[in-house]
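Report on one structure; see the data block that follows.
In what follows, chains carry the letters A, B, and so on, assigned in the order in which the sequence lines appear, proteins first and then strands, with residues in each chain numbered from 1. All heavy atoms count here, side chains included; hydrogens, waters and symmetry mates do not. Being a predicted model, the structure only gives us computed values, none of them experimental.
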Amino acid sequence: MRLEVTRRAAPSKAMAFLSPVIAIALTVFAGLLIFAAAGLDPLRAVHLYFVSPFTSLYSLQEVLVKASPLVLIGVGLSLCFRANVWNIGAEGQYTLGAVCGGGVALAIGEGSPFLVLPCVIAAGILGGLAWAAIPALLKTVFRANEILTSLMLTYVALYLLDYLVRGPWRDPMGFNFPQSALFEPAATLPVLTSDGRLHLGVAFAVLAVAIAAVALPATLRGFSIRVAGSAPKAARFAGFSQSGTVLFVFLTSGALAGLAGVAEVTGTLQQLLPEISPGYGFTAIIVAFLGRLNPVGILFAGVVLSASYIGGEVAQLRLGLPVEVAMVFQGILLFFLLACDSLIHHRIAFRRAAPRTEARHVG
Amino acid sequence: MWAEAIILTVITAATPLALAALGELVTERSGVLNLGVEGMMAVGAVTAFAVAVTTGSGAAGILAGAMAGAALSLIFAFLTITLATNQVATGLALTLFGLGISGVIGDGFVGISRPPLPQLEIPGLSDLPLVGRILFRQDAMVYLSIALTAGVWWFLSRSRQGLKLRAVGDSHASAHALGLNVMLTRYLAVMFGGACAGLGGAYLSLAYTPMWIDDMTAGRGWIALALVVFATWMPWRLLAGAYLFGAITILQFHAQGAGIGLPSQLMSSLPYLATIVALVLISGRGRLALRHTPLSLGKSFVPER
Amino acid sequence: MQPSVDPSSPSPPPLIETVALTKHFGSVTANDGIDIAVRAGEIHALLGENGAGKSTLVKMLFGVLQPTSGEIRWEGEPVILDSPAGAQALGIGMVFQHFSLFEALTVAENVAFALPDTMPLRQIAAEVREISESYGLPLDPHAPMHRLSVGERQRVEIVRCLMRQPKLIILDEPTSVLTPQETEGLFETLERLKREGRAVLYISHRLSEVKRLCDTATVLRQGRKVATCDPRQETPGSLARMMIGSEVREVKPAPAHELGPVRLSVDRLSWRKPEVQSVALRDVSLEVRGGEILGVAGVAGNGQEELFQALAGFFTSAPDAIRIDGRDVGKLDVNTRRRLGAAFVPEQRMGEAAVGELHLSENTFLSLHASEDLAPRGWLAMSRARAITRRVIERFDVRAGSADPLASTLSGGNLQKYVVGRELSRSPGVLVVNQPTWGVDAGAATMIRQALIDLAAAGSAVVVISQDLDEIYEVSDRIAAISHGRLSAARPVRELTVETLGLMMAGAESGEAAHAP
């Protein structure tokens with residue numbers, strides 16, 4: 001048997017819709033096999049992993065809290081990926097957002113929340129934006145590969161945060177733990193539920209989705225992003241500046257990642273720590289793809305991937321599985337998704353392998 | 001004597017980069033961009049360490065590391081070559097998957113240590129003054145990395161099979177029309193890249209720091225990718241680049257040792273900052289970089305049938 | 001076993017023969033039951049319009065594509081050609097229309113793929129030199145491919161093919177990239193191959209060439225064989241009728257009209273792209289008046305694309321190097337030039353003039369969003385774009401499966417009608433078109449050429465850049481030739497013979513050499 005792939009004349013609409021669903025189903029199925037192979041009760045493990053996050057109000061809140069940064073970053077990345085700009089340094093932009101926002105929060109201290117909080121959030125957005133501006137400018141001015149530069153800057157950002165919370169910003173009252181002081185209440189995001197887990201960051205995510213969902217199909221800017229990605233020469237023919245598009249998508253996604261970062265530290269953590277992310281910036285790449293680079297799709301995909309974090313924590317507690325299992329599932333999910341996406345543009349057929357001969361004489 | 005010590009540590013820091021980057025160079029010359037080097041290195045590192053600890057044999061560990069890297073790259077090859085998926089996205093998935101699975105496998109090996117790979121002495125020569133220890137008393141994988149560089153150089157620039165591989169990377173449509181086997185060539189190139197990344201990882205966990213730590217690759221796979229661009233797809237330049245980066249990596253230890261009062265985090269950031277600088281330097285010089293750039297790099301190939 | 005050959009017949013079986021050869025691509029039938037027989041020692045023409053199925057047929061003969069059904073026979077015996085390597089082993093060589101060459105490799109390295117791996121490169125280089133000289137196709141075996149002109153590239157393809165001593169040589173539209181003089185040289189090479197007893201399968205849609213060169217012609221139309229004939233017994237008109245299936249519609253020349261003032265002028269424009277493989281523009285000057293069409297002839301890769309990009313404003317030049325209706329536009333971008341009344345049709349239909357994944361109404365935004373104000377305050381005016389698109393579809397008879405189809409679902413001819421029609425919908429004062437009918441069917445080509453002539457007759461200035469000399473002669477009032485980035489002076493079409501134009505295309509200044517005895 002031989003697998004043959006041929007291009008479809010027009011993309012398959014059904015597969016474009018079904019692909020993420022099939023990919024998730026296949027990932028769960030792979031989970032069953034993996035857990036069984038590891039000698040665990042596969043159904044229980046899969047239940048803990050993929051279902052339990054949705055079964056209690058508390059964990060559902062957790063899902064939403066963790067989904068917000070994923071969605072915020074994912075929306076920004078979807079703009080980049082549509083324009084064929086590979087910003088994979090969102091983790092660094094997120095970190096800089098947290099550093100700048102957190103820095104302002106620590107510096108201002110007390111004050112009216114109506115004054116302090118906007119400053120803190122603006123600082124976070126600007127921090128992410130500035131960090132994204134570096135690879136964006138290096139790409140537009142020097143044509144340096146943005147995949148590598150944005151990723152390298154992520155490592156630098158993580159070291160910067162590490163330096164700050166162990167050095168100048170360490171809480172003097174913190175028993176030498178590497179952490180900043182707790183932010184003043186004026187500098188923390190308001191909470192939306194009585195037990196205080198769900199904070200305003202969720203609203204930011206929903207707002208970002210709404211704006212993107214309206215603007216992407218209906219504005220000239222959105223149009224130029226779509227054209228830049230699928231046909232760069234057509235973008236030039238239309239008079240859309242290539243550098244302009246690169247800068248726009250990079251800065252927008254940096255700003256959104258920065259917002260996610262500042263929302264996380266002022267909403268969930270309320271202080272700066274050496275580790276402020278379970279890899280949101282990278283997981284958001286999967287969120288963007290799973291959501292079809294479509295804002296509303298990203299909202300759903302963010303919830304699914306967030307649940308896999310929660311499921312991973314539960315599985316770690318109850319089954320003693322290493323946390324990295326979550327990452328393995330994310331990788332598998334993206335593999336399956338890409339494979340299924342291939343069917344949108346390609347037709348796949350199994351052929352009986354023709355014997356390998358030079359031109360054979362028959363008859 | 002400390003100059004000798006520094007050169008020795010530079011070589012040790014450079015070797016994993018050189019191995020991984022060399023494999024990626026061959027992969028890219030065939031027209032495939034595999035961004036999963038980091039993941040393949042991590043899996044190579046943990047597999048090599050696990051096998052070396054279990055069997056007690058460093059050689060078995062090295063072999064296992066290479067095979068693990070190649071096996072992981074096979075997933076990438078199937079997706080990008082057979083199913084024609086986007087190479088950038090698939091490479092990212094491979095990195096996530098590889099880092100994750102290395103953590104899972106390595107879970108039971110944290111905290112174990114074993115002696116580093118033995119140094120191979122060449123009797124007589126290793127006692128030479130100045131260069132003796134540097135040139136003639138290294139572990140086997142250092143020699144392997146240099147031999148591989150020479151081999152890849154010869155293969156690409158002198159052999160007919162290497163010519164075919166470059167042709168596939170230059171224009172897969174032309175290569176297909178002329179009857180070259182584009183798919184097979186790319187599968188082999190990707191798997192060679194995977195095996196080399198696995199070797200690079202094995203060097204990390206068996207020689208560089210002979211133990212398993214989570215995230216021990218620390219972005220070296222990405223630096224290896226940058227090195228390929230920096231070397232404009234030429235093997236000897238790549239080896240030189242690896243030594244340059246090795247030097248930057250170990251700068252931090254010696255700076256700390258010398259009591260230079262810079263934050264350690266800044267020193268640790270140096271290799272990443274240097275990578276960015278290197279990319280900018282090389283990208284600004286379009287003509288130079290273009291000469292060996294595989295023209296079909298990163299593009300999927302779907303033949304008409 | 002000798003199937004299907006009458007043993008009493010004295011004549012040998014054809015070198016290659018197909019029986020009811022059929023190829024489907026999904027629901028499209030590209031070849032439908034084709035029978036063709038090519039004999040040793042003949043030059044056999046394969047005639048047909050774009051999209052008639054010629055390329056599909058020869059790709060099956062060369063093992064690149066596999067037939068859905070039917071049979072291929074080689075020297076009378078059925079064969080399965082499952083790869084180009086297999087076809088080459090039998091003695092089939094092919095020169096592709098889109099060359100199968102490697103930019104980064106040298107001539108000798110490019111040729112090496114046709115030869116056994118055991119032959120050292122040095123020997124290959126020597127043989128390249130020998131064969132190329134003996135067939136009148138001079139080449140430097142060590143030159144890197146990206147330095148070679150289009151004509152030289154074709155020589156590499158032919159030499160690579162000849163190195164294997166093929167019995168059958170297939171050439172796909174070989175003269176479309178050559179000057180008239182280079183075409184003569186190629187014909188001499190082909191005549192020599194024929195005298196050596198080889199068979200040549202010659203694909204073309206240029207009827208005069210086929211009539212001159214070929215012994216037999218097989219005509220395809222819409223994937224079917226319609227006739228096999230002796231082209232020397234036919235007229236170009238009768239051959240064209242077979243190809244198109246109906247009377248060929250002629251382009252009507254414009255009625256006599258006064259020329260207006262100069263609307264587009266270029267004054268000593270020089271430019272070099274930063275990229276490596278790019279032809280410079282050197283001292284290019286031209287003037288086009290309202291009411292006339294300037295044809296720019298030239299062999300591919302001589303600066304046509306660069307000239308188009310300069311006129312369209314994809315890069316900037318000195319302010320007064322380019323003027324539209326008397327205004328300096330050298331520093332202005334494409335949309336500002338559009339607002340001043342200019343319109344542009346690039347060579348690349350899919351991916352530049354249109355985006356396959358977008359609907360036609362969305363594609364309308366590409367070139368009209370600024371000049372027609374289709375995005376007031378940044379919001380897309382969808383309904384107006386749809387209305388414009390509907391009018392273009394109607395006026396240019398764009399055949400599509402739905403009212404607003406994806407661009408990727410249109411045939412080449414229909415997409416080109418849309419692309420040209422979109423620009424004409426604005427009645428631009430200046431129109432620059434690069435390769436207006438490249439690869440489209442005769443009906444669409446006639447319609448597009450007529451529309452260009454009508455636009456000029458109504459007072460616009462039109463520049464038609466084309467490699468198709470028939471087209472250049474059909475639409476132009478004056479013709480200039482571009483060669484190595486230099487543009488010759490334009491000459492009125494009535495005073496310009498094809499021979500003189502050929503010399504101009506080869507770089508002789510205004511073809512003076514033609515006047516020499």
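- Heavy-atom pairs under 4.5 Å with chain A peak, among B:Ala89, B:Gly179, B:Ala84, at B:Ala89.
- Side chains of B:Ser300 and B:Gln87: no donor on one and acceptor on the other come within 3.5 Å.
- Put simply, the residue from A:Phe336, A:Phe329, A:Phe335 that forms a ring pair (Phe, Tyr, Trp, His ring centres under 6.0 Å) with B:Phe97 is A:Phe335.
- At a 4.5 Å heavy-atom cutoff, B:Phe76 makes no contact with chain A through either its backbone or its side chain.
- Annotation: maximal heavy-atom pairing with chain A below 4.5 Å, among B:Ser102, B:Pro271, B:Ser269, occurs at B:Ser269.
- With a 4.5 angstrom heavy-atom cutoff, B:Leu266 does not touch chain A via any of its atoms.
- A:Ile348 touches chain B through its side chain: at least one heavy atom from C-beta onward sits under 4.5 Å away, while N, CA, C and O do not.
- Checking side-chain atoms of B:Arg220 against main-chain N and O of B:Val37 turns up no donor-acceptor pair under 3.5 Å.
- Heavy atoms of other residues, nucleotides or ligands lying less than 6.0 angstrom from OH of A:Tyr163 number 12 at most.
- Ring planes of A:Phe81 and A:Phe289: parallel class, angle under 30° (limits at 30 and 60°).
- Using a 4.5 Å cut-off between heavy atoms, A:Leu338 touches chain B through backbone and side chain atoms alike.
- Heavy-atom distances place both the backbone and the side chain of B:Thr90 under 4.5 Å from chain A.
- Residue contact with chain B, scored on non-hydrogen atoms closer than 4.5 Å, is absent for A:Leu160.
- At a 4.5 Å heavy-atom cutoff, the contact between B:Leu225 and chain A is made by backbone and side-chain atoms alike.
- Between the side chains of B:Glu38 and B:Thr95, no donor-acceptor pair is found at a separation under 3.5 Å.
- Ring geometry, B:Tyr272 versus A:Tyr155: the interplanar angle falls under 30°, so the pair is classed parallel (tilted spans 30 to 60°).
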| task | Show your reasoning for whether side-chain contact (heavy atoms from CB on, under 4.5 Å) applies to A:Glu146 and A:Asn87. | result | CA-CA 6 Å; A:Glu146 77 276 15; A:Asn87 173 13; 5.7 Å; no

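- Heavy atoms only, all atoms of each residue included: B:Ala197 and B:Met40 are closest at CB-CB, 3.8 Å.
- In this structure, chain B has heavy atoms under 4.5 Å from both the backbone and the side chain of A:Leu153.
- For A:Leu151, the part lying near chain B is the side chain, with the backbone staying farther off; criterion is any non-hydrogen pair under 4.5 Å.
- Interface remark: B:Ile223 contributes backbone and side-chain atoms alike to the contact with chain A (heavy atom separation under 4.5 Å).
- Your options are A:Ile88, A:Asp341, A:Leu333, and the one with the most heavy-atom pairs under 4.5 Å with chain B is A:Ile88.
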